[in-house]
A.B. asks: 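Just passing along the structure, written as structure tokens.
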Number of protein chains: 4
Amino acid sequence: MTIGVGLIGSGYMGKTHAMAYRSAGAIMGDVPDVRLVALADATAEQASEQAAQFGFERGTGDWRDLLSDPAIDLVSVATPNSLHRDMAVAALEAGKHVWCEKPMALTLADAEAMEAAARASGRITMMGYNYVHNPAVQHARRIVASGRIGRVVHVRGWFDEDYQADPDLPWTWRARIADAGLGVLGDMGCHIVALVEAVAGPIVSVVAETQVIHETRPLPDGTGLAAVENEDVATALVTFDNGAKGSISTSRSAWGRKNRLDFEIHGTRGMILFEQERMNELRVFVNEGKRDEQGFRTILSGPDHPPFGRFVPGQGHQIGFLDLKTIEAAELLRAIASGSRPRPDFTDGLHIERVIHAIADSANAGGARREVG
Amino acid sequence: MTIGVGLIGSGYMGKTHAMAYRSAGAIMGDVPDVRLVALADATAEQASEQAAQFGFERGTGDWRDLLSDPAIDLVSVATPNSLHRDMAVAALEAGKHVWCEKPMALTLADAEAMEAAARASGRITMMGYNYVHNPAVQHARRIVASGRIGRVVHVRGWFDEDYQADPDLPWTWRARIADAGLGVLGDMGCHIVALVEAVAGPIVSVVAETQVIHETRPLPDGTGLAAVENEDVATALVTFDNGAKGSISTSRSAWGRKNRLDFEIHGTRGMILFEQERMNELRVFVNEGKRDEQGFRTILSGPDHPPFGRFVPGQGHQIGFLDLKTIEAAELLRAIASGSRPRPDFTDGLHIERVIHAIADSANAGGARREVG
Amino acid sequence: MTIGVGLIGSGYMGKTHAMAYRSAGAIMGDVPDVRLVALADATAEQASEQAAQFGFERGTGDWRDLLSDPAIDLVSVATPNSLHRDMAVAALEAGKHVWCEKPMALTLADAEAMEAAARASGRITMMGYNYVHNPAVQHARRIVASGRIGRVVHVRGWFDEDYQADPDLPWTWRARIADAGLGVLGDMGCHIVALVEAVAGPIVSVVAETQVIHETRPLPDGTGLAAVENEDVATALVTFDNGAKGSISTSRSAWGRKNRLDFEIHGTRGMILFEQERMNELRVFVNEGKRDEQGFRTILSGPDHPPFGRFVPGQGHQIGFLDLKTIEAAELLRAIASGSRPRPDFTDGLHIERVIHAIADSANAGGARREVG
Amino acid sequence: MTIGVGLIGSGYMGKTHAMAYRSAGAIMGDVPDVRLVALADATAEQASEQAAQFGFERGTGDWRDLLSDPAIDLVSVATPNSLHRDMAVAALEAGKHVWCEKPMALTLADAEAMEAAARASGRITMMGYNYVHNPAVQHARRIVASGRIGRVVHVRGWFDEDYQADPDLPWTWRARIADAGLGVLGDMGCHIVALVEAVAGPIVSVVAETQVIHETRPLPDGTGLAAVENEDVATALVTFDNGAKGSISTSRSAWGRKNRLDFEIHGTRGMILFEQERMNELRVFVNEGKRDEQGFRTILSGPDHPPFGRFVPGQGHQIGFLDLKTIEAAELLRAIASGSRPRPDFTDGLHIERVIHAIADSANAGGARREVG
């Protein structure tokens, strides 16, 4: 079986999709073949250039070309968030499978439309929550599922970066709700929600606060200041479906943090700790053995944590960010071949959107509790 | 000047007071002399034995003896929390200075009575928040005060241990509100509040949730199960007087955590990280210098972080838990000699109580916002 | 320009070459195109299967086929070490450029023959010391070269793993000198030599000891024990050409170590620390600024450490083991296109061999000093 | 039983002895009482002042006064190294027990004389190798002794600081062999030898190199430069009595290192790692359990690692540098009471001297092997 692929968007996330398609088969050995049919970008020229670099057969300045091409089975949507809805829905309606970058869309209504289109189409969908596919995170998930740390009772998650920490950065469209939707919740908060839900199950209610750290930013043309409309920081008390509680906090204004996508899972028999900046390590404590020997174990990712071994046969030899995307692509391609459901798909993605919008709503209501619909 | 000391309670915290009194002068060189006059405990026999071990002149089975002894200027209250109010108020009324262990009391009313007695007496008081006196924490405080990390905008704190994590531990009076008051908030939460307030200023409102992890525990006599009435875990969204926001979370049921009393201070120019389990380290990021050289600096405590040098002249040579108590004692003794106000005193302590009770109230009200009175 | 590639060997290291060829152009954008012409392995069948997985046009059971194929400009040698010499020399004599995995060969004589063939041919060569290409390591190299840490005075390096730590592992040909040559020095020691020489310059003399930890191992067929002839551990005092001294130690019998390829560079103004198991971090201390703020800085790899940004645009988002090989391939391909010298090439590789053989000689002579020829 | 104590020297190390004597009984509860009889220092005035601060009954400007005082049973020698021999020998000849700071003496002959005097006297002696008494180190020792990590096969140790790293520091007498004896070996190297020998047994031969990093230093009076005669860095290949091999390296010129007294113990079943800058942690790997759960465990010191619990009842609550000295004092005082042998005593101390002098001799002979006498 060969799956024909069209890619919309050749910025960085588009590049990660292209690399993942190129590598998945050679790395894994057991995924369907991929044919890189066409790449669409803003102009035909740019699209052709990127198609050449990434190995696609042709480039096009019109993404709708991809939908009418019968050689294309699967469309990757790696464009600015405001375009996700139209592109994903159109692709699904054209009978294509869709791999869409996060967050799903600017508004909850758009995300709902995308999920509805996915259900109506019967096509396979996948959301680009690459961090979930880390073998260390999957190992955490297996540990939890096995009962090894007992019942999960408390969960904490964080996702901090500092790309908006500098007060002197100029204002951009990302600060305007009409253009960008949510702030840090849409850009980063969805990732930590995806991660803790993958390990500990769905969040059902939230109580939250948000902050705008820098209320205005200088306009790039030097004509004055413009308002930052969406949140720089969000923190929520969360309740999980299984009764566990916890908290989530995310900031795009956290100096020194580059990828602090971390979580703690507190169980009645043990604890799991994960830090994305050291993504090949998992720390685990289980209440067993002699007390004078107890302590957190630092487990280095290795071939015993599949599919790590497909990348490197030696424990401690490390996979990187792009490798997570390769795993994601492989899972999607296998799902398309087998007709099974990959995770997280548009249904999972919609739930993640509901959580981040519930957090925003709660904060706007002064910290009132919001159920996740 | 020689300050006569009476100590009530010779359990572990009483021992730390005794050791601190013994060491403060020899370590610091510039604190008033101390005379260890008398130690009171539950029985005269136990008191005498402990008095001998700790170097007090005499022991007594009646703590009120200390109040009538004119040789005693300062009384240490290191007894179970339910006794703090009566002892501290009586000592203040007897004209003694008082050093009281945390938390202040079982109820907010008791804490208010203690603070009122302190004000009425004009005596010097101090609350036993030893972690605040860590040179690394004081260095964090100075960095914040200096503006080095800009304006503080976000603060997170945690205090986790695992002493109640085991579901098989027998029920004790600590689980009954009438005897023990708050659960983890009283025992541990007050420490993290003391720490973040020392560095970032007072908390003015909270929105919180709490959890009882193990709802019942076996009675020690094997006759069945009894209810755990007070919280094992508490998490709060907090707002500071200066407008910063953040969160605090504490658990006595966090497997593998032994003293996770950690905080993060997010500023507009930098970030400070502290972990109590590595109490001689402070990690600091400041947005300056070449980008390819930026990163968190791990600063090891040393003589440049006073009064570390009084304990060891070499950076990286480490002070320990008991040394924090020695610093605390020295500050109290100097304050008595000079008539100045040590921190945190009963007024600070009452504020800390108000925060933890506001957290409990908010949680009991389903996460409603509570102002800190 | 398109460079035709032939790959000999499709085990794990062969796979890394294949992946690197597939990814280099798409990742970097500025390397010559690659045509994956042919893959040779032990049998035609295996070769064809792997050729299909890795995207080579054809497979062959005879590696000499590659040498006569005019479409092939560059040959990757990723076979057992005992075959390197014949293959590399033959490929050079056939006018091919050669990329050879480490170590160069079983014996110093073989390595010398390879280097001589390279010089005689005028072709481009490269040795597969992938760790050298880590952006963090290259940053260390730039820091040293810039004088930022002053004059380098002392250097320490380690490379420990535990793949031969278990005494119950069966005997293999790797333990016989005739088949495998050096033990841990050939397999791992050469990597740490490559790394410290890349950063601190050539080693000129050594004084060393080696150990065989498990003197015999069980024969796989259960007929008894066979001797382990080559070293499990080697440690050397080393002197660098610039006068610095230091030490190198490597073990394949170090339980719990999975990839402890670490080094310290001591300068007269600062210090650099690197740990391969956290390959995206570099710790740097420079004696500057206020004493109370001094400490090691943990620098996370990012776009300011090229070519990291070609893989991920966000600092702290991590590259992995395979990405190092992609950088290596890109440097080789650019060198072929431009006619420049890539590093480390066969001349550098021969020097590394001389160091590890000098270490073995010194140890065999009871720790006598050996100059590196 | 009450042990009368005399202290010679009230600089920092003298202070640590004084503090340890003051605290040992109160902390431990089961050590003989101590009477702080007299403190000797360079002048009577200074001695009296320090006696007052540290709680000694009297001060004296003549250390020989202590030897004739029948109330004194035990003499602490905490003076510059060049004075150790005369004081220790005289005290032993006067029938006193002796606690002497490290290193023993300037020369091996002096150390031998001290050890001979100890044997002749039948008195109890102790060398001030405080780091050995760390509960984490003692736990490492117990793990090794129990066979838990199998047979010890390889050992590495380091002790680095940066107090002589700055090239602009003025010359002092410490740089002259006649006054100071060995350089970093005497000041720091002896500590790491003490530590690895405590855990892995005696070292029997060495092959070593040393370095002077800054060959001259400016004279304090500005009249020019003077030579640094003794070593700044020393590195040795070492062989242990049990057949294990390894290496030791120490530098007083290692920027950023403040107390890097670290070791690794490689066994046939596991590995132990220790870092003094995190002195309340021990990392242990044992080859057992499921492979996907293996990893180094970080064990925080606690009451299960005696006598930690005498200082703090909570694991993870940390002891500090001075507490190590308290443990040392307690062991000495108990040994005096019981007539048993404390470790390390003068006999152990002499062996440590032999090792560091063998290292110096080997280096002076260009790296020739030296047996430890």
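Here is how names work: the chains are called A, B, and so on, in the same order as the sequence lines, proteins then strands, and each is numbered from 1. In this text the structure is predicted, and so the values were computed from the model without any measurement.
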A.B. asks: Select one option (side chain, backbone, both, neither) describing which atoms of I27(D) are under 4.5 Å from chain B's heavy atoms.
C.D. replies: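 Both backbone and side chain of I27(D) come within 4.5 Å of chain B.
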A.B. asks: Is E281(B) close to chain D through its backbone or its side chain, or both, or neither, when contacts mean heavy atoms under 4.5 Å?
C.D. replies: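 Only the side chain of E281(B) comes within 4.5 Å of chain D.
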A.B. asks: With respect to chain B, which residue among A52(D), P313(D), A18(D), S23(D) yields the maximal number of heavy-atom pairs within a distance under 4.5 Å?
C.D. replies: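 Most pairs with chain B among the choices: P313(D).
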A.B. asks: Between Y12(D) and chain B, with a heavy-atom cut-off of 4.5 Å, which part of the residue counts as in contact: side chain, backbone, both or neither?
C.D. replies: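 Contact with chain B involves the side chain of Y12(D) alone.
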A.B. asks: Name the region of F56(D), side chain, backbone, both or neither, that has any atom closer than 4.5 Å to a heavy atom of chain B.
C.D. replies: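 Neither part; nothing is under 4.5 Å.
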A.B. asks: How many angstroms lie between NE2 in H317(B) and CG in L322(D), if you round to the nearest 0.5 Å?
C.D. replies: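 It comes to 11.5 Å.
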A.B. asks: For the candidates R260(D), E49(D), M19(D), which exhibits the highest count of non-hydrogen atom pairs separated by less than 4.5 Å from chain B?
C.D. replies: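 Sorted descending by pairs with chain B, the first entry is M19(D).
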A.B. asks: Should the heavy atoms of other residues, nucleotides or ligands under 6.0 Å from CD of E45(D) be counted, would the total exceed 12?
C.D. replies: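 Incorrect, the count does not exceed 12.
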A.B. asks: Relative to chain B, which segment of I319(D) carries a heavy atom at a distance below 4.5 Å: side chain, backbone, both, or neither?
C.D. replies: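 Backbone only.
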A.B. asks: For chain B, which of G302(D), G256(D), A26(D) has the most heavy-atom pairs under 4.5 Å?
C.D. replies: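 Most heavy-atom pairs under 4.5 Å with chain B: A26(D).
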A.B. asks: Within this structure, what is the CD-CZ distance for the pair E277(B) and R278(D), rounded to the nearest 0.5 Å?
C.D. replies: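 Between E277(B) CD and R278(D) CZ, I get 11.5 Å after rounding to 0.5 Å.
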A.B. asks: Please check: side-chain N/O of K15(D) versus main-chain N/O of R310(B), any donor-acceptor pairing under 3.5 Å?
C.D. replies: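 A pair under 3.5 Å: yes.
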A.B. asks: By a 4.5 Å heavy-atom criterion (distance strictly below it), what part of Q276(D) contacts chain B: side chain, backbone, both, or neither?
C.D. replies: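 Backbone only.
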A.B. asks: Could you grab the distance from atom OH of Y163(D) to atom CD of Q315(B), nearest 0.5 Å is fine?
C.D. replies: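 Nearest 0.5 Å value for the OH-CD distance: 15.0 Å.
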